[in-house]
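First comes the structure, then the notes that go with it.
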Amino acid sequence: MDAADLDHQARTLSGCIPPLLVSRLLEFGYGEEVECQAGRGEWFCAREWTRLLGDQGRQAEALEVLAPYVATGWWPAARAQAELLESWGRAEEAIALARPYAEAGGPALEFFARLLDRHGCKDEAVVLLSAGIEDWLLATALVDIAEGTGRDEDIAALLAARIPAQHRCDSPWCCRGLDPDTAIGLLAVIRERQGRVDEAIALLHTRHVTSVNNHDQLADLLARHDRIVELRAYAASEHHGHAAQRLAEVLEERGDVEGAIAAYRQPDDSPAQQCHDAVQLAQLLARHGRGDEAIEVMRRLADSPGGAEDWIVDMLCTLYSDQGRAQDGLACLDALKVRRDGEEEWDFLRMRLRLMADCGLLDEAIEQARAHPEGDTWYAAWTISDLLAETGRTEEAVAVLEPHAPANSGSLAGHLIGLGRVKDAVALLQQRKSEPGTPVWTGTFSTEPPF
């Protein structure tokens with residue numbers, strides 16, 4: 001067992017038993033196998049087994065399982081042990097364990113600082129994080145932890161110094177470390193909690209990148225302070241559609257479903273926002289029992305120029321299935337196939353197969369899948385096996401997947417566990433591929449997969 005091997009497991013989920021299959025082993029009553037593999041270097045087994053031991057009050061045994069992992073110096077193992085210690089009320093031991101790792105900065109320091117904060121050492125946490133403010137992760141933790149310390153103005157000054165007068169990022173990855181847009185957002189957080197909401201709003205209006213991870217900080221701020229008129233005005237100009245989504249969410253929470261629908265139906269010239277709003281509108285309608293209307297919204301989107309993208313059609317087919325209208329869904333796919341000169345890519349056939357299964361045509365669906373030009377690929381085998389397994393034909397699902405191992409090792413192992421073939425499943429998952437070295441970048445981008 002060494003840190004490099006453990007890191008490979010955690011990064012790639014290959015050559016090991018991944019978390020979902022650890023859960024499956026436990027679900028089917030194979031705790032002894034999880035315990036055994038935890039002692040053999042299987043990180044995800046060890047993590048889950050120690051949690052279970054802790055829940056049973058067997059703390060010493062849990063720490064004994066983790067000890068060889070922590071001994072490698074690998075931070076995630078040390079973090080797991082610190083989290084256990086904290087959950088058992090042994091915070092001082094958790095702090096002592098994590099402290100040496102925090103010296104490296106980054107995620108370990110962020111964890112350590114938040115641990116200190118939770119256990120009465122807020123000032124020390126602020127001092128440590130202030131020195132690492134160039135790291136956006138640490139800067140975010142600093143702003144969170146500093147609340148109530150009387151240090152807001154000092155931290156605001158540190159952030160303001162990282163907001164150049166001219167430069168604005170055009171993406172969240174423009175600048176290394178703490179980029180100006182992130183600094184503006186964190187400064188706005190401080191101004192808001194100081195009660196200087198107008199200043200926070202003005203700051204956020206200066207950001208070039210307004211949405212991160214499908215959230216718009218300005219829209220969230222306006223919603224929190226019930227500034228609906230301003231939120232409506234912002235939603236009309238924000239081209240990602242996230243402000244309109246926040247407006248609709250506020251209205252829906254207040255029981256104004258028609259108002260939420262209207263928020264998504266505002267005219268906009270941005271194709272991206274039109275698509276985003278249509279998808280959000282369909283989901284809203286479906287939540288309120290208006291599935292047929294949701295289908296019409298998505299059907300119009302799919303029928304629009306360039307609208308028949310696989311994920312859009314997939315959502316449309318899911319709505320047809322949920323509404324018990326699988327036949328109508330098949331008719332929709334037939335129309336798309338005609339538009340594509342009779343061709344049907346695998347992704348669209350995959351949607352057809354599920355609708356056919358809903359209509360009781362599973363065997364016919366499998367025949368169509370196998371006859372498709374891509375029917376002998378690993379991903380086709382995955383789809384076919386899922387259809388078989390969902391109807392209780394697990395042995396057949398395994399037979400379909402076996403020729404495509406190890407590409408489908410996770411899915412195949414899951415079915416093997418369900419059949420009680422645990423040793424076969426574990427052996428399959430633990431097969432190791434030779435890990436290629438990281439190529440030296442030449443300064444040009446490849447035009448060949450995997451890009």
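Keep in mind it's a predicted model, so treat the numbers as computed, not measured.
Using a distance-only test at 3.5 Å, with no hydrogens or angles considered, no donor-acceptor pair links the side chain of His288 to the main chain of Gln283. Although no hydrogens or angles enter the test, the distance criterion places a donor-acceptor pair under 3.5 Å between the side chain of Thr149 and the main chain of Ala146. For Ser385 (side chain) and Ala381 (main-chain N/O), a donor-acceptor pair under 3.5 Å exists by modelled atom type.
The one candidate from Arg354, Arg393, Met356, Glu390 that meets the side chain to side chain contact (heavy atoms under 4.5 Å, CB included) condition with Leu362 is Arg393.
Crowding of Glu92 atom CD: a count of heavy atoms from other residues, nucleotides or ligands under 6.0 Å not exceeding 12.
Counting only residues at least two apart or in different chains, ring-ring contact (aromatic ring centres under 6.0 Å, His included) contacts with residues 77-101 comprise Trp75-Tyr101. Residue pairs meeting the salt bridge (Lys or Arg N to Asp or Glu O under 4.0 Å) criterion with at least one partner in residues 213-227, sequence neighbours excluded, are Glu192-Arg224, Asp198-Arg227, Asp220-Arg246, Asp226-Arg254, Arg227-Glu230.
Residues Leu355 and Ser321 form a side-chain contact, since some pair of their non-hydrogen atoms from C-beta on lies under 4.5 Å apart. Contact annotation: the side chain of Glu86 never approaches that of Glu93 to less than 4.5 Å [non-hydrogen atoms, C-beta and beyond].
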For residues 400-414, tabulate all N or O donor-acceptor pairs below 3.5 Å that involve a side-chain atom, not counting sequence neighbours.
unit_1, atom_1, unit_2, atom_2, d
Asn408, ND2, Trp378, O, 2.9
Ser409, OG, Pro406, O, 3.3

For residues 57-70, which side-chain N or O atoms pair as donor and acceptor with protein atoms under 3.5 Å away, sequence neighbours left out?
unit_1, atom_1, unit_2, atom_2, d
Arg58, NE, Glu61, OE1, 3.3
Arg58, NE, Glu61, OE2, 3.1
Arg58, NH1, Gln56, OE1, 2.7
Arg58, NH2, Glu61, OE1, 2.8
Gln59, OE1, Arg90, NH1, 3.0
Tyr69, OH, Ala38, O, 2.6
Tyr69, OH, Gly41, N, 3.3
Tyr69, OH, Glu42, N, 3.2
Tyr69, OH, Glu42, O, 3.4

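With sequence neighbours left out, Asp376 forms a side-chain contact (heavy atoms from CB on, under 4.5 Å) with no residue at all. Take Arg114 and apply the salt bridge (charged side-chain N to carboxylate O under 4.0 Å, His left out) test, not counting sequence neighbours, and it matches Glu110, Asp144.
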